[in-house]
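Only heavy atoms go into these numbers, but all of them, side chains included; no hydrogens, no water, no symmetry mates. Since the model is a prediction, treat every value here as computed from it, not as a measurement.
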Amino acid sequence: QLQFVESGGGLVQPGGSLRLSCTASGFTLDYSAVGWFRQAPGKEREGVSCISPNDGSTTYYTDSVEGRFTIPRDDSKNTVYLQMRSLTPEDTAVYYCAVVPVPAGQGVCTLGAPVGSWGQGTQVTVSS
């Protein structure tokens, strides 16, 4: 069964940085594309970023985080990270990760159809 454990959230001031971790359990992450999602109070869950498998060089970022967030992966640790900088209050949310698809022939992961059930997530609060 696909399962992830998210960690690394916390309280940070605007302009600060955090690194979230998404560690897979029960399977090997090497061949999976992984996406980060977030859900703010009263809002629907939205896709944030994803990274394709294998060489780990194909990534996608939603417009609101592009240039501020990066999504490195370390397959030796079975972990995908979300490195967040220049955080704003609009980034406040519970962050989740999930396996995501890579459409055939594109080589770019997509955030529209995450696989599996959602875990507990990790809370990020950006406030002064």
Fill in: Qualifying salt bridge (Lys or Arg N to Asp or Glu O under 4.0 Å) pairs, either residue in residues 33-46, two or more places apart
R38-E46, R38-D91
Fill in: Selection residues 99-128 - residue pairs positive for disulfide (SG to SG under 2.5 Å), sequence neighbours left out
C50-C109
Discussion item. Looking at every heavy atom in both V34 and C22, which two are closest together, and how far apart are they?
Written reply: CG1-SG, 4.2 Å
Response to the item:
Sorted by chain and residue number, the ring pair (Phe, Tyr, Trp, His ring centres under 6.0 Å) partners of Y96 (sequence neighbours excluded) come out as W118
Discussion item. Measuring from atom CZ of R73 to atom CG of N78, what distance do you get when rounded to the nearest 0.5 angstrom?
Written reply: 9.0 Å
Discussion item. Which heavy atom of I71 sits nearest to which heavy atom of T59, and what is that distance?
Written reply: CG2-CG2, 3.7 Å
Worksheet item: Going by heavy atoms in the side chains, are F4 and V80 under 4.5 Å from each other?
Response: no
Practice prompt. Would you indicate whether the side-chain heavy atoms of P53 and D75 approach each other to under 4.5 Å?
Written response: no
Discussion item. To check you understand the geometry: which heavy-atom pair defines the closest contact between V48 and L82, and what is its length?
Written reply: CG1-CD2, 4.4 Å
Fill in: Minimum side-chain heavy-atom gap F37-V100 below 4.5 Å
yes
Worksheet item: For the residue pair V94 and Q120, what are the closest heavy atoms and their distance?
Response: CG1-O, 3.9 Å
Worksheet item: Do L20 and V65 share a hydrophobic cluster (ILVMFWY, side-chain heavy atoms under 4.5 Å, transitive)?
Response: yes
Fill in: 4.5 Å side-chain heavy-atom contact, P103 and T110
yes
Worksheet entry | Residues forming a ring pair (Phe, Tyr, Trp, His ring centres under 6.0 Å) with Y95, sequence neighbours excluded | none
Discussion item. Measuring from atom CD of Q83 to atom OG of S49, what distance do you get when rounded to the nearest 0.5 angstrom?
Written reply: 12.0 Å
Discussion item. Using the ring centroid of each side chain, check whether F69 and Y81 are separated by less than 6.0 Å.
Written reply: no
Worksheet item: Does T28 use its side chain to pair, donor to acceptor, with the backbone of D30 at less than 3.5 Å?
Response: no
Worksheet item: Can you check whether T70 reaches Y61 side chain to side chain, under 4.5 Å on heavy atoms?
Response: yes
Discussion item. Suppose we screen for salt bridge (charged side-chain N to carboxylate O under 4.0 Å, His left out). Which residues come up paired with D74, at least two apart in sequence or across chains?
Written reply: K77
Atom pairs and distances, side-chain donor-acceptor, residues 6-19, under 3.5 Å, sequence neighbours left out:
{"residue": "E6", "atom": "OE1", "partner": "G121", "partner atom": "N", "Å": "3.2"}
{"residue": "E6", "atom": "OE2", "partner": "C97", "partner atom": "N", "Å": "3.0"}

Practice prompt. Nearest 0.5 Å please: distance from the OG atom of S127 over to the CG atom of L87.
Written response: 12.0 Å
Worksheet item: For the hydrophobic clusters of this structure (ILVMFWY residues joined by side-chain heavy atoms under 4.5 Å, transitively), does one cluster hold both V115 and F27?
Response: yes
